[in-house]
Amino acid sequence: MSRSAQDLLDVINSTNRSIADKCQTIDRYLSGNSDNLRGFFENCFPVLVKCIFGYDRAGWLSDISKTNQANDFRAIVQLLGPSGNLFAAMNLADNEGLIQYVFPEGPLPVLTQIFLRSETGQKELDRWPQYHGCLVPAYAGKRIHLKTLQYFLLWTAFYVQRTAHTSSSDIMGPRAPQITRLGHFKQSFPQLPGKLGKGPHQSVRCHPYQTLLQMYLSRFLPRAAAAPPGKPGQPSHGELLFSVLLEFWLTDGEDPALKDPKDSRLAPPLPYEAPTPDLLAALQEVVRYTVAVHDGDRSQQPPRWAQATACSWLPQSPLPQLGPPLQPGPPHLMAAGQLPFQSFAKRLYRFMRRAITKWPEQQAVGPLLTLYLAYIAPWGVPSVPEATKTGAQGAGRPAAPQRQGLVHRVLRDKPSSSPPSDKEASYAPQFQLGQWEGHILASLPFYMLLLPLLLELIKSRVSSQATKALQDLAKVLVVFKTAPELCNLLQAVEEEYRRGREGGLHQRTRLDGPYADVLPWIQSQAVVFETGAKASCRDAHTALTEHPAFVLFSKGEQGGAAQVRSILNRAVGADADAVKQVEECASGWLPMEQLGRGAQQHAPQAPQALPSYQTVKKGSLGQLHFKGDPIDRPPTSREWPWLMHHMVALSKWANARLGLDKPPDDGEIAETQIKEIQLWMRRNGYRVNLRWLAEVQTLIWICLTGLVLWLFCLFCSWVSGLTSDTDMEHHSIGLLEVQRHYASSQPSTRHFDPQRPSTYSSQPVHDAHVDL
């Protein structure tokens, strides 16, 4: 290693320098050593990536998000920006084929991990731009060798998927023994101190990760035209970025592509793991960028539709197709009706539908609502007005604009590397039908199918969190309350869709409504989206037998008005202002008046409720299991305590002697066959655990087994004693017979006298001779 690279490595690992100083030093080094980067990428780059994202501790991005240092914010954005020296150095190193890095299997999505374990899946991964030509044969399966930019983007996508329970040892090694869910890699990772938003004492308005993500999208996926193509045979940066984000953020372990048509067995269901708030915040940035464009001063001009182009500027997703293929939409839907955007929308629809129907009760629903509103209201989310006071004139004045509004906070087209000022005034979000009609018609499943499911989710939470559930509901309803043209459009489409569904859209019946030309495609889109969202590798049949129904404006029990009324009836003990806000936001566009009188008769009486009592939530046996290292779990009633402590100490000593107590390093390569076996055991989590020998039942079984073996040996000894005397007698008789036979068969110079059997005669016996 050259001295300059060694000095730079010391600067990166230094604890006495500020983040701004480190970033500026790295920037100067890359600028002055552009012709000799091997030392940097061989020794400094992996350490730099670890320090930025933080594998085993909070990284630089997280530290900046919780501090009040604008200099650190500017420095890291300048270093990691797409126009900075680091990206230029990565492009130069990749073009020259300077180095490749082994990406660990742990952080990969479950879908990718399962594909890696089969030959068919490896062929599928080779089609994706981030893995094309990167699968290298290894000891067990194949390893992923990535170039510098691919390596950096994969860690960038994984950053927002970390939770408070992910460890470096878990993300550096593969899952053992089988893939179950991504959370197994997140069991002791330090929680991100700064969420992707502004901290309470932070001078910068957003997380640096947000700013960098916006810069990557605007640079590599320009909206004006198609993304610039890469070199022949190589994907462009835009294709690479978009494919990595979809793979890490919008795939799951139940993807129907994992279903083996030759295997009739159904895979066991995987437990659903809700996305982290950081992942939802990052997805909001991607959604806003794909659907809305902000030109000029945000305080003067509203956003416009990003897909209002004749050709799609989004690259085609390489991920497996969800459900049956969808034909391109009518031409007036512009780029939103074409396959690239519809493939992205289908993946996003599956992600949000799974989240809404499987969202954990103990987790806040606010981040999920924000993501949903970012898609259905790209023109901006208005603030919920204050409830009308009794005796007040008019409808009451609206509340002050909220800083966390979607458009108010981060929807910008050209993100700046400097922290934005607080002088920017936000405009009042206003829906314009001529501007957003194409987006609505190209995304109807998000409005007509997801919104009733979202109301069901809020209804399931109102019993335990009445006021908070009503506040969340008001944030959704106010979007439709302040956009009458949007409600009229959705209601007209629902009415024509219902009549066409009842009469059969595939018949030669001519519909005369304003949306008759697009209605067949809308029904086909609803079927494809619902089929793709419900499809699973565990289901033998995933196709829908009937078309999904649009019931948002229906007066039935599944309609939006009945759902809102049911939520209000269950909100016992909720704040009175929250109840009034929901009633005002729902009135006018939902048929609440027709349901109000009848539904209020079944409302629960307030004196019968006990709002002061906390709801007892049903638990599961899995929540009682010990969380942590099974060797160090507390003693149980079936263990012998003093022996248990000795067995634990012996197990730890054996693991230390065998080298199984340390997590494998990234890119570690075994030098000998024994080291190869040891590395395989460390990566798969195999260790010595003798604690089971201290269990009482184990000791009893050991004693019983020893007693049975002792009795068996004693029986064998007794049997052998009975047969030993008989064997000796037969043996003696046999020896005498052998001696007698030998004596009688050999000639002797002495004669045996039968009269004197105890002696031999000394008279010689002469043989007869013939004299010639």
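As the structure is a computational prediction, the values presented were derived from the model and not from experiment.
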Enquirer: So, the side chain of Glu239 versus the backbone of Ser236: is there a donor-acceptor pair under 3.5 Å, distance only?
Expert: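 Indeed, once roles are kept as given, a pair shorter than 3.5 Å links the two residues.
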Enquirer: Can you find a pair of side-chain heavy atoms, one from Trp359 and one from Val365, that are under 4.5 Å apart?
Expert: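 The answer is yes; the side chains approach within 4.5 Å.
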Enquirer: Between Arg347 and Asp255, is there a salt bridge with N-O shorter than 4.0 Å?
Expert: yes
Enquirer: Judged by modelled atom types alone, do Gln342 and Tyr349 share a side-chain donor-acceptor pair under 3.5 Å?
Expert: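 Their side chains do not contain a donor-acceptor pair, so the 3.5 Å distance test is not met.
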Enquirer: About how many Å separate CG of Leu322 and CZ of Arg350, when rounded to the nearest 0.5 Å?
Expert: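 Going from the CZ atom of Arg350 to the CG atom of Leu322 covers 5.5 Å.
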Enquirer: Any idea which heavy atoms bring Leu280 and Leu368 closest together, and the distance?
Expert: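 Residues Leu280 and Leu368, closest heavy atoms: CD1-N, 3.7 Å.
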Enquirer: Over 60° means perpendicular and under 30° means parallel, so classify the ring planes of Phe158 and Phe248, tilted if in between.
Expert: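 Ring orientation, 0 to 90° scale: perpendicular.
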Enquirer: Going by the angle between their ring planes, with limits at 30° and 60°, are Phe87 and Phe220 parallel, tilted or perpendicular?
Expert: tilted
Enquirer: Do Lys475 and Val384 have side-chain heavy atoms sitting under 4.5 Å apart?
Expert: yes
Enquirer: May I have the step-by-step check of side chain to side chain contact (heavy atoms under 4.5 Å, CB included) for Gln491 and Glu495, ending in yes or no?
Expert: CA-CA 6 Å; Gln491 192 169 6; Glu495 180 63 23; 5.8 Å; no
Enquirer: Over 60° means perpendicular and under 30° means parallel, so classify the ring planes of Phe242 and Phe344, tilted if in between.
Expert: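 Tilted, since the angle between the ring planes falls between 30° and 60°.
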Enquirer: Can you find a side-chain donor-acceptor pair between Thr290 and Gln307 that sits under 3.5 Å?
Expert: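 Checked: Thr290/Gln307 side chains show no N/O donor-acceptor pair below 3.5 Å.
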Enquirer: Is Glu494 reaching over with its side chain to a backbone N or O of Phe553, donor-acceptor style, under 3.5 angstrom?
Expert: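 Such a contact is found between Glu494 side chain and Phe553 backbone.
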Enquirer: Determine yes or no for a side-chain-to-main-chain donor-acceptor pair under 3.5 angstrom, with Thr276 supplying the side chain and Val160 the backbone.
Expert: yes
Enquirer: Applying ring pair (Phe, Tyr, Trp, His ring centres under 6.0 Å) between Tyr101 and each of Trp155, Tyr151, Phe152, report the one that passes.
Expert: Tyr151
Enquirer: Using a strict threshold of under 4.0 Å (side-chain N to carboxylate O), is an ion pair present between Arg117 and Glu105?
Expert: yes
Enquirer: Give a yes or no answer on whether the side chain of Asp252 reaches the backbone of Phe351 with a donor-acceptor pair at less than 3.5 Å.
Expert: no
Enquirer: Just verifying a value: how many Å separate Leu449 CG and Arg353 CZ, rounded to the nearest 0.5 Å?
Expert: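 Interatomic distance, Leu449 CG to Arg353 CZ, rounded to 0.5 Å: 8.0 Å.
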Enquirer: Would you confirm whether Gln113, through its side chain, and Leu108, through its main-chain N or O, come within 3.5 Å as a donor-acceptor pair?
Expert: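 Pair found, side chain donor or acceptor close to backbone of Leu108.
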Enquirer: Among Ile376, Leu433, Leu486, exactly one meets side chain to side chain contact (heavy atoms under 4.5 Å, CB included) together with Ile440. Which residue is that?
Expert: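 With Ile440 as partner, Ile376, Leu433, Leu486 yield a single side chain to side chain contact (heavy atoms under 4.5 Å, CB included), made by Leu486.
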Enquirer: Do side-chain atoms of His237 reach the backbone of Pro82 as a donor and acceptor pair under 3.5 angstrom?
Expert: no
Enquirer: Let me see the working for Tyr289 and Tyr216 under side chain to side chain contact (heavy atoms under 4.5 Å, CB included), right down to the final yes or no.
Expert: CA-CA 11 Å; Tyr289 185 82; Tyr216 297 157; over 6 Å; no
Enquirer: Treating Trp249 as the side-chain partner and Ala157 as the backbone partner, does any N or O pair qualify as donor plus acceptor under 3.5 Å?
Expert: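 Yes; at least one donor-acceptor contact below 3.5 Å.
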Enquirer: Looking at Lys534 and Glu530, is there a salt bridge between them, counting it only when a charged N and a carboxylate O are closer than 4.0 Å?
Expert: yes
Enquirer: Just how far is it from atom CD1 of Ile458 to atom CG of Leu473, taken to the nearest 0.5 Å?
Expert: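 CG of Leu473 is found 4.5 Å from CD1 of Ile458.
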Enquirer: Quick check: does any side chain N or O of Thr148 sit under 3.5 Å from a backbone N or O of Met90, one acting as donor and the other as acceptor?
Expert: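 Present.
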Enquirer: Could you tell me whether a side-chain N or O of Trp305 sits under 3.5 Å from a main-chain N or O of Trp436, the two making a donor and an acceptor?
Expert: no
Enquirer: Counting only N and O atoms by type, is there a donor-acceptor contact under 3.5 Å from the side chain of Thr370 to the main-chain atoms of Gly366?
Expert: yes
Enquirer: Taking atom types as modelled, is there a side-chain donor on Gln130 or Ser243 under 3.5 Å from an acceptor on the other?
Expert: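 There is such a pair (donor and acceptor under 3.5 Å, judged by atom type) between the side chains of Gln130 and Ser243.
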Enquirer: If you measure from CD on Glu124 to CD on Gln122, what distance do you get to the nearest 0.5 Å?
Expert: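 Output value for this atom pair is 12.0 Å.
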